[in-house]
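Okay, structure first, notes after.
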Amino acid sequence: MEKYDHKYGAEQIQVLEGLEAVRKRPGMYIGSTSIRGLHHLVYEIVDNGVDEALAGYCTEINVIIEQGNVICVTDNGRGIPVEIHPKTHISTAETVYTVLHAGGKFGGDSGYKVSGGLHGVGASVVNALSTWAEVTIKRDGGLYQMSFEKGKTVKKLERIGDAEGTGTKVRFLADDTIFESLDYEYEVLEKRFREIAFLTKGLKITIEDQREETPKKAEFCYEGGLISFVEYLNKNKEKLHKTPIYIEKDGEVPVEIAIQYTSSYSENIYTFTNNINTIEGGTHLEGFKRALTKVMNDYARNHNILKEKDSNLQGEDIREGITAVVSVKVKEPQFEGQTKTKLGNSEVTGVVQSMVNEALSTFLEENPSVAKAILDKCISASRAREAARKARELVRKKSSLETSTLPGKLADCSSKNADECEVYIVEGDSAGGSAKQGRDRKFQAILPLWGKMLNVEKARADKIYGNDKLNPVIVAIGAGIGADFDVTKIRYGKVIIMADADVDGSHIRTLLLTFFFRYMRPLIENGNVYLAQPPLYKLSKKGMEDKYCYTDEDLEKAYKELEEKGITRDSLSLQRYKGLGEMNPEQLWDTTMNPETRILIKVTMEDAQKADEIFTLLMGDEVEPRREFIQQNAKYVRNLDI
Ligand code: 0R9
């Protein structure tokens with residue numbers, strides 16, 4: 001029997017059953033028990049502080065990753081209420097931490113907003129999934145504290161001293177029997193807090209990682225809110241107008257939008273609902289796009305930029321080069337889609353649409369030079385689209401004439417079942433040769449690429465079709481390109497980029513990923529793109545099976561394991577692979593192509609924003625930020641081929 005059992009009444013038993021359910025099925029509450037779910041715990045607690053900021057009482061939130069992966073979050077809000085709650089007969093603070101979904105309901109008419117959605121599952125879920133948690137509250141001149149183990153109260157809320165000011169501090173250690181790992185990724189948390197700071201004008205968020213000798217730290221506070229967000233996203237791009245366009249409307253569904261056009265060819269619209277990144281878009285995005293298309297066409301007509309004979313600009317013409325952030329607050333958000341990141345509330349479309357219609361047309365009338373710069377760009381995008389259509393027709397006609405002309409360099413596989421087929425896109429002819437010999441020709445195809453690739457960041461669609469480097473890739477995959485791309489037609493379930501672990505290899509990887517990202521995005525979204533990981537080292541010794549190592553850590557581990565078996569470092573011979581070309585076909589099969597033993601890294605879209613940033617940085621016009629990035633990251637580049 002647990003020693004606290006005797007204290008619980010009927011209500012408390014229900015509470016315990018609730019939290020037990022969370023521990024039994026954590027995935028239902030936080031999505032997964034992977035690192036993603038682990039990070040959700042932190043977001044959950046931080047969100048409570050953000051809600052207090054939105055209510056107007058909190059100006060600062062501090063997050064610390066302490067040694068041992070303990071998380072400490074502090075806010076300077078009013079402090080969670082400490083008085084006995086009339087319904088549960090325990091303190092409100094303890095109620096919030098032990099009753100599922102207690103958050104907002106117990107806040108009364110305090111103005112406390114429930115964020116809901118992806119997070120918003122409540123502090124009690126974090127508590128249930130933590131080995132221990134401790135909450136300290138400063139309120140009414142007192143310092144209060146309570147603590148928990150696996151969601152159960154081990155120390156009830158009590159006043160432990162006096163305090164100046166108000167606020168809440170939460171420390172917790174996630175349960176390592178529930179989560180796959182407790183190793184928080186500083187960069188992921190940092191990025192999310194930057195995002196929250198952009199979305200919550202004026203709120204200061206700090207993060208500190210104390211796990212290593214030299215702690216990492218960052219501080220975010222943006223008085224400009226979404227304007228600062230768009231400026232940040234565009235920092236390496238050439239802007240068409242100096243300040244972002246900003247529109248805002250309060251009401252049932254508060255909407256806030258910032259827009260800035262750049263000379264780039266990509267479209268970057270980020271949408272948020274209650275501060276949650278709605279990666280899959282939804283009704284707010286729909287409303288925004290509709291209004292944007294209408295306002296721009298109306299303006300162009302009214303100012304004779306589009307003549308009577310001209311057809312309307314299409315949405316995609318109008319969105320070329322746009323960077324926008326759309327943020328809405330919805331009382332009862334409905335999230336749909338594969339990852340529950342698509343806003344479903346239908347009433348939001350009209351709200352966003354009419355406010356953008358009104359505010360944006362006023363803006364354009366008042367800022368004719370900005371309007372002209374944007375519309376010039378839209379018109380040239382429209383012309384390029386027309387040229388691209390013609391080029392595409394040509395490619396299509398050609399390929400239907402030259403019946404199933406697969407690229408000459410492609411060594412295709414014999415199976416026609418896309419689900420089991422894979423194509424290795426290999427850099428260089430010599431590696432291509434080894435791959436062709438080493439592969440299992442039943443299901444593995446090889447497409448060698450050579451020479452300098454086209455930089456797709458700097459080219460519009462009409463230059464991509466018919467490009468002699470990219471065309472073989474398009475034809476081999478067999479599902480079209482751009483708006484015509486049909487992921488159900490792909491000829492291979494896995495498109496695997498195999499390149500050396502050196503600078504040239506990384507160049508070709510980035511170029512191909514840029515290409516897929518811009519022109520075959522569903523291929524990435526559908527999880528069909530992979531990176532092969534060739535080994536960096538081979539350890540060998542007479543009479544011992546060769547051991548391949550894929551990272552420096554791998555190598556260290558292998559040395560240690562072998563030492564435990566009495567094999568000394570000196571007795572081993574170490575080969576460092578400089579490139580794929582150095583491996584014979586059999587080695588290439590064993591290490592990089594055999595599905596039983598190889599390591600493949602799946603390319604995900606989760607971070608489209610980050611990908612776009614890096615692509616733009618590495619491929620775009622601005623030289624200085626690129627140099628900075630390379631200098632900053634040079635230390636991470638292993639095995640530079642010098
Ligand atoms: C460090 C992370 N911060 C929090 O978890 C946190 C929750 C919280 C809060 C209130 C203020 N600050 C907070 N920080 C609060 C106070 C009052 C009303 N509503 C909210 C008030 O003073 O009247 N609460 C979150 C839920 C609750 N409080 C409540 F349900 F207990 F009211």
Taking Arg385 for its side chain and Ala381 for its backbone only, find out whether a donor-acceptor pair lies under 3.5 Å. no

Run the side-chain contact (heavy atoms from CB on, under 4.5 Å) test against Arg491 and tell me which residues pass, sequence neighbours left out. Leu406, Leu410, Asp412

Can you see whether Tyr492 has Lys494 sitting over its ring - NZ or CZ less than 6.0 Å from the centre and within 45° of the normal? no

Set out, in order, the CA-CA distance, both residues' side-chain angles and the distance that settles side-chain contact (heavy atoms from CB on, under 4.5 Å) for Ile305 and Tyr299, then state yes or no. CA-CA 8 Å; Ile305 298 171; Tyr299 185 91; 4.1 Å; yes

Arg389 and Glu386 ion-paired at < 4.0 Å: yes

Donor-acceptor pair, distance only, cut-off 3.5 Å: does the side chain of Lys377 make one with the backbone of Ser263? yes

Could you check whether any side-chain N or O of Asn302 sits under 3.5 Å from a backbone N or O of Asp298, counting only pairs where one atom can act as donor and the other as acceptor? yes

Parallel under 30°, tilted from 30 to 60°, perpendicular over 60°: which one fits the rings of His40 and Tyr43? perpendicular

Would you say Lys191 and Val188 make side-chain contact, with heavy atoms under 4.5 Å? no

Any salt bridge between Glu195 and Arg192, counting N to O under 4.0 Å? yes

Is there any side-chain hydrogen bond (donor to acceptor under 3.5 Å, both in side chains) pair reaching into residues 346-359, and which pairs are they, with sequence neighbours excluded? Asn345-Glu347

Are Cys413 and Gln444 close enough that some pair of their side-chain heavy atoms sits under 4.5 Å apart? no

Exam field: side chain Asn297 to backbone Leu313, donor-acceptor pair closer than 3.5 Å: yes

Do Leu447 and Pro472 have side-chain heavy atoms sitting under 4.5 Å apart? yes

Steps toward side-chain contact (heavy atoms from CB on, under 4.5 Å) verdict (Val473, Leu449): CA-CA 9 Å; Val473 179; Leu449 292 183; 4.1 Å; yes

Carefully, step by step, assess Val328 and Leu343 under the rule side-chain contact (heavy atoms from CB on, under 4.5 Å). CA-CA 10 Å; Val328 299; Leu343 183 65; 4.2 Å; yes

For Phe516, the ring-ring contact (aromatic ring centres under 6.0 Å, His included) test, sequence neighbours excluded, returns none

Atom pair OG1/CG of Thr273 and Leu285 - distance to nearest 0.5 Å: 10.0 Å

Donor-acceptor check, side chain of Asn526 to backbone of Asn528, threshold 3.5 angstrom: yes or no? no

Pair Tyr530, Glu422 - check side chain to side chain donor-acceptor pair (under 3.5 Å), show working. CA-CA 10 Å; Tyr530 294 82; Glu422 347 182 297; over 6 Å; no

Whether the side chain of Asn274 engages the backbone of Ile276 through a donor-acceptor N/O pair (distance < 3.5 Å, no angle test) should be reported. no

Answer yes or no: is there a side-chain heavy-atom contact under 4.5 Å between Glu267 and Glu320? no

With sequence neighbours excluded, what pairs up with Glu187 under the side-chain contact (heavy atoms from CB on, under 4.5 Å) test? Lys216

When rounded to the nearest 0.5 Å, the distance separating CZ of Phe193 from CD of Glu219 is 14.0 Å

Could you tell me whether the side chain of Val495 reaches within less than 4.5 Å of the side chain of Leu523, counting heavy atoms only? yes

Is there a donor-acceptor contact under 3.5 Å from the side chain of Lys204 to the main chain of Gly202? no

Angle class for the Phe229/Tyr270 ring planes (parallel below 30°, perpendicular above 60°, tilted otherwise)? parallel

Who pairs with Asn367 by side-chain contact (heavy atoms from CB on, under 4.5 Å), at least two apart in sequence or on another chain? Phe363, Val370

Point-to-point distance, once rounded to the nearest 0.5 Å, from CG of Asp250 to CD of Glu256: 9.0 Å

Does a side chain donor of either Thr323 or Asn234 reach within less than 3.5 Å of an acceptor in the other side chain? yes

When you look at Glu336 and Lys340, which way does the salt bridge (charged side-chain N to carboxylate O under 4.0 Å, His left out) test go after all the steps? CA-CA 5 Å; Glu336 302 170 347; Lys340 291 270 173 277; over 6 Å; no

Would you call Asp310 and Lys307 a salt bridge, taking side-chain N to carboxylate O under 4.0 Å as the test? no

Examine distances only and state if a side-chain atom of Thr278 and a backbone atom of Glu280 form a donor-acceptor pair shorter than 3.5 Å. no

Which residues satisfy the side-chain contact (heavy atoms from CB on, under 4.5 Å) test with Tyr222, sequence neighbours excluded? Arg194, Ala197, Phe198, Phe220, Ser228

Between His241 (side chain only) and Gln260 (backbone N and O only), is there a donor and an acceptor less than 3.5 Å apart? no

With a cut-off of 6.0 Å (strictly less than), are more than 12 heavy atoms of other residues, nucleotides or ligands near NZ of Lys242? no

Would you indicate whether the side-chain heavy atoms of Met520 and Phe515 approach each other to under 4.5 Å? yes

Less than 4.5 Å apart, side chain to side chain, heavy atoms only: is that true for Ile322 and Ile259? yes

Would His303 and Glu365 satisfy side-chain contact (heavy atoms from CB on, under 4.5 Å), going step by step from the backbone distance to the final call? CA-CA 10 Å; His303 293 77; Glu365 292 301 340; 3.3 Å; yes

Counting C-beta onward and ignoring hydrogens, is there a side-chain heavy-atom pair between Asp47 and Asn275 closer than 4.5 Å? no

Indicate yes or no: does Glu525 engage Arg521 in a salt bridge with an N to O separation below 4.0 Å. no

Looking at Lys249, I'd like to know if its NZ atom is crowded, meaning that more than 12 non-hydrogen atoms belonging to other residues, nucleotides or ligands lie closer than 6.0 Å. no

Gap between atom CG of Leu306 and atom SG of Cys378 - 0.5 Å precision: 9.5 Å

Run His284 and Phe288 through ring pair (Phe, Tyr, Trp, His ring centres under 6.0 Å) and show every step you take. CA-CA 6 Å; His284 45 357; Phe288 175 69; 9.9 Å; no

Output for pair (Ile508 CD1, Ile425 CD1), nearest 0.5 Å, gives 9.5 Å

